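Contents: one structure, followed by commentary.
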Amino acid sequence: MIVLNWGLTPYQHSWGFQHSFVKGRRQGQINEDALILLEHSPVITLGRKGERANILASDAVLKAKDCEVCQVDRGGDVTFHGPGQLVGYPLLDLRHYGQDVHAYVEKLEEVIILTLRDYGINAVRDEEYTGVWVGKEKICAIGIGMKSWLSYHGFALNIDTDLSYFQLITPCGITERGVTSMAKILGKAPQMQAVRETIITHFMAVFGIDHWEIAEGRWLGEKIKPSWLKGHVSGNSNVKEMYGMLDEFSLTTVCSGAHCPNIGECYASRTATFMVLGSQCTRRCRFCAVPKGVVQPVDQDEPQRVAQMVRKLGLNYVVITSVTRDDLVDGGAVHFSQTIQKIRELSPETLIEVLIPDLQGEESALDVIIAAQPEVINHNVETVSALYSHVRPQADYQRSLDVLQYVKKNAPQIVTKSGIMVGLGESPAQVSATLADLRSVGCDSLTVGQYLAPSPEHIPVAEYIVQEQFQYYQQIAKQLGFSHAACGPLVRSSYHAAEGFSSKIRLSS
């Protein structure tokens with residue numbers, strides 16, 4: 001058996017895949033069983049016996065909640081699927097499992113009952129209704145389809161689902177019963193990946209399967225760069241003017257230094273992220289295009305020139321970043337502070353975001369930047385903890401979290417921000433854990449973007465993440481409480497940075 005461990009997947013996408021899989025088995029093109037585990041974007045599904053009257057919300061309400069409706073070919077009535085609900089689609093040849101539909105449904109119920117028992121939840125079958133129940137509340141719905149003894153559709157276990165969506169329907173057409181979730185019963189949500197693993201273990205035991213292979217979070221990735229993954233190119237006069245002004249003031253932007261795909265769009269709108277403290281970095285991160293080598297002496301006049309260009313551009317919002325300067329005692333903190341001060345003098349209305357290195361975790365250096373009072377302090381964790389030794393061998397995941405936590409603790413009025421790249425080989429569960437870590441240290445704003453290898457000498461792209469997976473990360477960020485999250489293939493740490501600050505201000509006001 002193969003276990004397809006997907007992330008957030010559109011309902012129609014998974015439904016179409018199930019039909020194609022079953023058709024392939026009937027035609028002898030596929031010979032193995034499969035178990036798909038995934039989450040869906042908000043969707044209400046009506047089974048073969050479903051009555052439209054059991055959808056209580058109007059079309060306008062459903063549209064406002066971004067919830068689609070699908071009539072499907074499974075048993076049962078009406079139910080809801082959404083983020084925080086683990087959906088399982090077993091694609092089995094029941095000729096190998098007794099050719100008994102009722103026994104099959106009972107086995108699915110048994111898998112869920114055993115899983116919930118491991119979490120201390122006393123779940124049971126109900127003599128009257130299909131599914132798994134805790135008291136008079138359903139925690140797992142079951143609805144299956146069958147063609148030539150080949151199963152499809154399956155179960156939906158509420159882990160940390162937004163239960164308010166069930167108020168839009170009469171769940172399963174049952175008026176006198178309620179709906180619950182693991183998070184509601186336990187008082188906190190268990191980790192999705194841990195529940196997945198528990199279900200897999202019990203599923204294999206209940207069905208007597210000895211060998212299986214897990215495809216971890218790869219369905220929503222592509223190995224070949226998709227044609228649509230392109231930055232915005234612009235040839236207007238503003239781009240030429242930006243290059244001219246950078247030459248005039250002898251300044252560097254991270255936009256060109258890091259090969260950012262949005263450089264044309266940003267330059268065309270007269271915005272840029274200025275990179276101070278030289279163009280050579282003291283670290284050798286394997287994802288970054290910024291040159292490594294002998295660093296230059298600190299240019300003492302650079303803060304003044306940055307401020308002059310900010311004023312000349314008339315910027316409402318500016319981002320200042322730097323190469324990592326481990327050779328400096330303060331990591332460049334004083335230079336950041338001086339740059340902020342000069343911008344304040346020449347352009348007092350401009351909002352300032354600084355994207356800082358970890359400064360080797362030196363609190364005294366962080367104090368210098370905090371004292372300069374930028375509106376936003378951004379520090380990127382860049383990737384998940386498990387990939388640090390491969391992607392950022394000279395950095396430390398916990399140290400980066402500590403930097404963000406120190407800033408928030410000592411300057412709660414300053415917006416804290418961080419970002420990660422995906423497509424380096426991480427799993428969706430690892431990304432979700434990283435987002436949870438960031439929120440745990442008070443990080444306000446988040447960016448998640450696709451990693452693009454700057455050259456053949458850099459770490460190759462493991463996969464190209466599609467939009468549905470970024471939507472999933474956006475949902476996770478919302479659930480965790482980030483005031484702003486930008487998740488998409490071309491999102492970068494400083495892309496549309498002012499929007500993130502504005503979101504935080506609106507939330508606070």
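Just so it is clear, the values below take in all heavy atoms, side chains as well, and ignore hydrogens, waters and symmetry mates. Start at 1 with the first residue, then count along the sequence. All figures in this text were calculated on a predicted structure; none of them were measured in a lab.
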Atom pair [atom1] ([X]) and [atom2] ([Y]), whose distance is rounded to the nearest 0.5 Å:
{"X": "Ile420", "Y": "Leu438", "atom1": "CD1", "atom2": "CG", "answer": "7.5 Å"}
{"X": "Asp301", "Y": "Lys342", "atom1": "CG", "atom2": "NZ", "answer": "9.5 Å"}
{"X": "Leu480", "Y": "Cys443", "atom1": "CG", "atom2": "SG", "answer": "11.0 Å"}
{"X": "Ile159", "Y": "Leu86", "atom1": "CD1", "atom2": "CG", "answer": "4.5 Å"}
{"X": "Gln304", "Y": "Gln308", "atom1": "CD", "atom2": "CD", "answer": "4.5 Å"}
{"X": "Gln475", "Y": "Cys487", "atom1": "CD", "atom2": "SG", "answer": "10.0 Å"}

Counting N and O atoms only, with roles assigned by atom type, does the side chain of [X] sit under 3.5 Å from a partner on the main chain of [Y], one being a donor and the other an acceptor?
{"X": "Thr321", "Y": "Met275", "value": "no"}
{"X": "Thr198", "Y": "Ala194", "value": "yes"}
{"X": "Lys478", "Y": "Ser483", "value": "no"}
{"X": "Arg311", "Y": "Leu346", "value": "no"}
{"X": "Asp162", "Y": "Ser164", "value": "yes"}

Minimum-distance pair of heavy atoms, taken over all atoms of [X] and [Y]:
{"X": "Ile169", "Y": "Pro171", "result": "O-CD, 3.2 Å"}
{"X": "Arg344", "Y": "Pro374", "result": "NH2-CA, 3.8 Å"}
{"X": "Lys417", "Y": "Glu353", "result": "NZ-OE2, 3.2 Å"}
{"X": "Thr434", "Y": "Ser385", "result": "OG1-N, 4.5 Å"}
{"X": "Phe21", "Y": "Ala34", "result": "CZ-CB, 3.7 Å"}
{"X": "Val323", "Y": "Gly278", "result": "CG1-O, 3.6 Å"}

Answer yes or no: does atom [atom1] of [X] have more than 12 heavy-atom neighbours from other residues, nucleotides or ligands under 6.0 Å?
{"X": "Gln71", "atom1": "CD", "result": "yes"}
{"X": "Lys65", "atom1": "NZ", "result": "yes"}
{"X": "Asn316", "atom1": "CG", "result": "no"}
{"X": "Gln394", "atom1": "CD", "result": "yes"}

Close side-chain approach of [X] and [Y], heavy atoms under 4.5 Å:
{"X": "Val491", "Y": "Val448", "result": "no"}
{"X": "Arg325", "Y": "Val295", "result": "yes"}
{"X": "Ser432", "Y": "Ser427", "result": "no"}
{"X": "Pro428", "Y": "Met192", "result": "no"}
{"X": "Trp15", "Y": "Thr45", "result": "no"}
{"X": "Gln469", "Y": "Tyr473", "result": "yes"}
{"X": "Val3", "Y": "Arg196", "result": "no"}
{"X": "Thr339", "Y": "Phe274", "result": "no"}

Only counting residues at least two apart or in another chain, list the ones meeting side chain to side chain contact (heavy atoms under 4.5 Å, CB included) with [X].
{"X": "Glu197", "result": "Gln193"}
{"X": "Gln167", "result": "none"}
{"X": "Val87", "result": "Leu38, His40, His81, Gln85, Tyr89, Ala156"}
{"X": "Asp66", "result": "none"}

With sequence neighbours left out, the residues meeting salt bridge (Lys or Arg N to Asp or Glu O under 4.0 Å) with Asp326 are Arg283

Can you give each donor-acceptor pair under 3.5 Å made by side-chain atoms of residues 328-338, sequence neighbours left out, with the distance rounded to 0.1 Å?
from	atom 1	to	atom 2	distance (Å)
Asp330	OD1	Gly332	N	2.9
Asp330	OD2	Ala333	N	3.4
Asp330	OD2	Val334	N	2.9
His335	NE2	Glu302	OE1	2.8
Ser337	OG	Gln341	NE2	3.1

Assess whether side chain to side chain contact (heavy atoms under 4.5 Å, CB included) is satisfied between Ile377 and Ile356, documenting all intermediate values.
CA-CA 7 Å; Ile377 293 181; Ile356 63 172; 3.8 Å; yes

Could you walk me through whether Ser181 and Leu163 pass the side chain to side chain contact (heavy atoms under 4.5 Å, CB included) test, one step at a time?
CA-CA 8 Å; Ser181 68; Leu163 297 178; 4.0 Å; yes

In chain order, what residues pass the ring-ring contact (aromatic ring centres under 6.0 Å, His included) check against Tyr388, with sequence neighbours excluded?
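By the ring-ring contact (aromatic ring centres under 6.0 Å, His included) rule, Tyr388 matches Tyr397.
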
Go through the structure and list residues passing ring-ring contact (aromatic ring centres under 6.0 Å, His included) with Tyr472, not counting sequence neighbours.
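So Tyr472 forms no ring-ring contact (aromatic ring centres under 6.0 Å, His included) with any residue.
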
With sequence neighbours left out, write down each residue that passes side chain to side chain donor-acceptor pair (under 3.5 Å) with [X], or none if nothing qualifies.
{"X": "Thr115", "result": "none"}
{"X": "Asp367", "result": "Tyr406"}
{"X": "Asn410", "result": "none"}
{"X": "Gln373", "result": "Gln413"}

Have Gln450 and Tyr464 got a donor and an acceptor in their side chains that come within less than 3.5 Å?
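Gln450 vs Tyr464: no donor-acceptor pair found between side chains.
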
Using the rule side-chain contact (heavy atoms from CB on, under 4.5 Å), only one of Asp160, Asn158, Thr161, Val195 pairs with Met182; which is it?
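By the side-chain contact (heavy atoms from CB on, under 4.5 Å) criterion, Met182 pairs with just one of Asp160, Asn158, Thr161, Val195: Val195.
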
Stepwise, does the side chain to side chain contact (heavy atoms under 4.5 Å, CB included) test hold for Glu375 with Val415?
CA-CA 6 Å; Glu375 277 71 26; Val415 175; over 6 Å; no

Stepwise, does the side chain to side chain contact (heavy atoms under 4.5 Å, CB included) test hold for Ile139 with Ile185?
CA-CA 10 Å; Ile139 194 170; Ile185 295 169; 3.9 Å; yes

